[in-house]
Amino acid sequence: MNPIDRLSEIFSHFPGIGPRQARRFVYYLLSRDQTTLDTLVRSVEDLKRETSQCNECMRFFNGTGSLCSICADTSRDRSLLMIVPRDADLDQMEKSGSFKGRYFVLGGSLPILEKEPERRIRIRELLTKLAREQSTLREIILAMNANAEGENTEDYLRQALRKGDTFAESGDNSPASSLTITALGRGLSTGSELEYADPETLKNALLHRTK
Ligand SMILES: [Zn+2]
């Protein structure tokens, strides 16, 4: 495969990018000077080296270590856990400044009729984390996008959480029985994605979350 085809093939796997757009990217790069290309290559090389993934919330962060600044922050409310589809959604929610709990980044959402959910989202990691935090956790907030995929993911998560050994029909006295699952209120207009929601909307959606 020649370099043009090879790079087009790589770009075509980027989210939302088809083969034609991928090829346009390649021709764009060809039109740039060598310094720009060198900077791009260096940035790609540094990306994994200078970025770590948090062991607790699974987000990517700049720096080294096993915990991101949010998970390492002891002043955050450990009884609240918000589940978001992607890193960008977490960033947006943080920007709104209205949430003081902690997060878990699912790594995506589930299209309707997805056959292998566990390959698309970090459901296993989530259930493991929840089992570990049973005694401190009081509320899980499902913060999904307000579209069909988001609803589908929410349904799947509710089922998985109910089924998960973690909170299975445990006796009334167990800590898990006091765990509540809520979802963001629909201050978010239908079809909207968290990543693009403004801080005020996110704040209201959080305030008006529902069971
Ligand atoms: Zn973290």
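Read the numbers this way: they start at 1 and go in the same order the structure lists the ligands and their atoms.
- S109 pairs in a side chain to side chain donor-acceptor pair (under 3.5 Å) with only one of the listed residues (E151, E149, E154), which is E149.
- Protein contacts to the Zn ion (ligand 1) involving N, O or S atoms at a distance below 2.8 Å are C54 SG, C57 SG, C68 SG, C71 SG.
- Sorted by first and then second residue, the salt bridge (charged side-chain N to carboxylate O under 4.0 Å, His left out) pairs involving residues 95-111 (not counting sequence neighbours) are R102-E133.
- Residues L40 and V26 fall within the same hydrophobic cluster, defined by Ile, Leu, Val, Met, Phe, Trp and Tyr side chains chained together at heavy-atom separations under 4.5 Å.
- Hydrophobic clustering of Ile, Leu, Val, Met, Phe, Trp and Tyr side chains at less than 4.5 Å, counting indirect connections, keeps F61 apart from F99.
- The closest donor-acceptor contact from the side chain of T201 to the backbone of A197 lies at 3.5 Å or more, if one exists at all.
- Of the residues T180, L81, L206, I83, the one that meets the side chain to side chain contact (heavy atoms under 4.5 Å, CB included) test with I141 is L206.
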